[in-house]
There are 2 protein chains.
Amino acid sequence: MLFQGEFNNAIDAKGRASIPAKFRDVLSSVFADERLIVTQNDGGLAAYPVQEWEKVLEKVNAMDASPLKDAINLALISPAIECPFDKQGRIQLTKAQRCYAGLESEIREIVVVGSINKIMIWNRAMHAEMRKQAENLLKTESQALYNLGF
Amino acid sequence: MLFQGEFNNAIDAKGRASIPAKFRDVLSSVFADERLIVTQNDGGLAAYPVQEWEKVLEKVNAMDASPLKDAINLALISPAIECPFDKQGRIQLTKAQRCYAGLESEIREIVVVGSINKIMIWNRAMHAEMRKQAENLLKTESQALYNLGF
DNA sequence: TATAGTTGCCCACAAAGTGTAAAAACGTGT
DNA sequence: ACACGTTTTTACACTTTGTGGGCAACTATA
């Protein structure tokens, strides 16, 4: 369990997103490397420690050519870019990244979510909507949840 | 990892496309050569550092004559021309190039995408459409993505 | 040779990105 | 509940980058 928990942070007017101190601690203590590779995934941004990202790259490179591989390259690999931290623990997101994640201009509210080996960054309103939909699905599956121990 | 990331830039009324500063840095620091060879590929424009382009040429030349080789020459090699930078970091695209890539007249919005050893330039709307289709495919392959570490 | 279109070069302005400092908010332990 | 240290946000100054426009040189066409 590396990255865990949700944090309601903000991006400033220049598009810098503050990453929770807990996640930065994980980066320096577990990975000894404060760099993040940020890509676009499923309407949000996904930030991987370099080490984890390289594992992903190797696996993708090992794939035979296929439409799936092309789609992965187009949608997930090409947009990926290293975003270094500044002294305040923030990363600068590019325009294209903010545009993709619905974080243009006036929108400052984000949620930063730990997801095992990566960190997800969402438009907070969008994330709330996704959660609502997930909860609706769960309501129809109470037996399955019970069996899982929830 | 040479060229990486997506950048929402513009072409001006004269057909000049600004290339992101990050890519220009890679050109001068890694290749020590600011020239780009621009060709047409898959509905967009592909720009190669001269050095990389020459590698491609050698490999194609080494092929035995075949319909495939002819097609490569016709569609990929012949249209290629060198596009030098102006002092503002832009390259001048020809009419034929803009026409091929769907960048006629009024269309100003492009996306410049790093793709390892080359730089792709797309009509932004077209690129968004391609991404959408890629993401649709990815949605049907969530198990495969998980296995790859995404 | 006149004309229109294209190309390259230059400048200038606006937008975006970077760095630093300080204030506000938060959490912890006493 | 209070004080303290940490974390996050705000604010401002400064630099870089991207974009638009002017102008002159060149090209092609008629």
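In what follows, chains carry the letters A, B, and so on, assigned in the order in which the sequence lines appear, proteins first and then strands, with residues in each chain numbered from 1. When reading the values below, keep in mind they use all heavy atoms of this one structure, side chains included, and skip hydrogens, waters and symmetry mates.
For the helix from C:dT1-D:dA30 to C:dT30-D:dA1, the axis fitted to the five pairs at one end and the axis fitted to the five pairs at the other end meet at an angle of 40° (nearest 10 degrees).
A donor-acceptor pair is defined here as one N or O able to donate and one able to accept, closer than 3.5 Å; no such pair exists between the side chain of A:N41 and the backbone of A:L45. In this structure a side-chain-to-backbone donor-acceptor pair under 3.5 Å is missing from A:N73 to A:I77. The closest donor-acceptor contact from the side chain of A:E54 to the backbone of A:Q51 lies at 3.5 Å or more, if one exists at all. Judged by distance alone, the side chain of B:T39 and the main-chain N or O of B:L76 form a donor-acceptor pair under 3.5 Å. Judged by distance alone, with hydrogens and angles left aside, the side-chain atoms of A:S115 form no donor-acceptor pair with the main-chain N or O of A:K118 at under 3.5 Å.
Following rounding to the nearest Å, A:L103 (CG) and C:dA16 (P) show an atom-to-atom distance of 15 Å. In this structure, A:I91 places its CD1 atom 12 Å from P of C:dT18, rounding to the nearest Å. At whole-Å resolution of the value, CG in B:N8 and P in C:dG17 are 11 Å apart. We find that CD1 of B:I11 is positioned 16 Å from C1' of C:dT7, with the value rounded to whole Å. To the nearest angstrom, P of C:dA16 lies 8 Å from CZ of A:R98. Following rounding to the nearest Å, A:F85 (CZ) and C:dG19 (C1') show an atom-to-atom distance of 17 Å.
Note on B:K95: a side-chain N or O is less than 4.0 Å away from OP1 or OP2 of C:dT6. Listed pair A:K87 / C:dT20 meets the phosphate criterion, a side-chain N or O lying under 4.0 Å from OP1 or OP2.
Residue A:D86 is out of contact with every strand shown, counting any heavy-atom pair closer than 4.0 Å. Residue contacts shown for A:I19 are limited to sugar-phosphate atoms, with no base heavy atom under 4.0 Å away. Looking at heavy-atom distances under 4.0 Å, B:P84 makes no contact with the nucleic acid at all.
Ionic pairing of B:K132 and B:E135 is not present here: no N-O contact between side-chain nitrogen and carboxylate oxygen is shorter than 4.0 angstrom. B:R35 and B:D33 are joined by a salt bridge, as a carboxylate oxygen and a charged side-chain nitrogen come within less than 4.0 angstrom of each other.
The shortest non-hydrogen separation linking A:G15 to A:R98 is CA-NH1, 3.5 Å.
Ring geometry for B:H127 against B:W122 counts as tilted: the plane angle lies between 30° and 60°, on a 0 to 90° scale. Using a 30° and 60° split on the angle between ring planes, A:Y48 and A:W53 fall in the tilted class, from 30° to 60°.
Within the 4.5 Å cutoff, the side chain of A:L36 has heavy atoms near those of the A:L27 side chain.
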Contact list (N/O, under 3.5 angstrom) for nucleotides 11-13 of chain C vs protein:
from, atom 1, to, atom 2, distance (Å)
C:dC11, N4, B:Q88, NE2, 2.4

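Summary of the strand contacts: B:T94 and A:Q92 both lie near DNA chain C, and taking for each the nucleotide with the nearest heavy atom, the more 5' one is attributed to B:T94.
When only modelled atom types and interatomic distance are considered, A:Q88 and A:R16 share no side-chain donor-acceptor pair under 3.5 Å.
Nucleotides of DNA chain D with any atom under 4.0 Å from a heavy atom of chain A span, from 5' to 3', D:dT7 to D:dA13.
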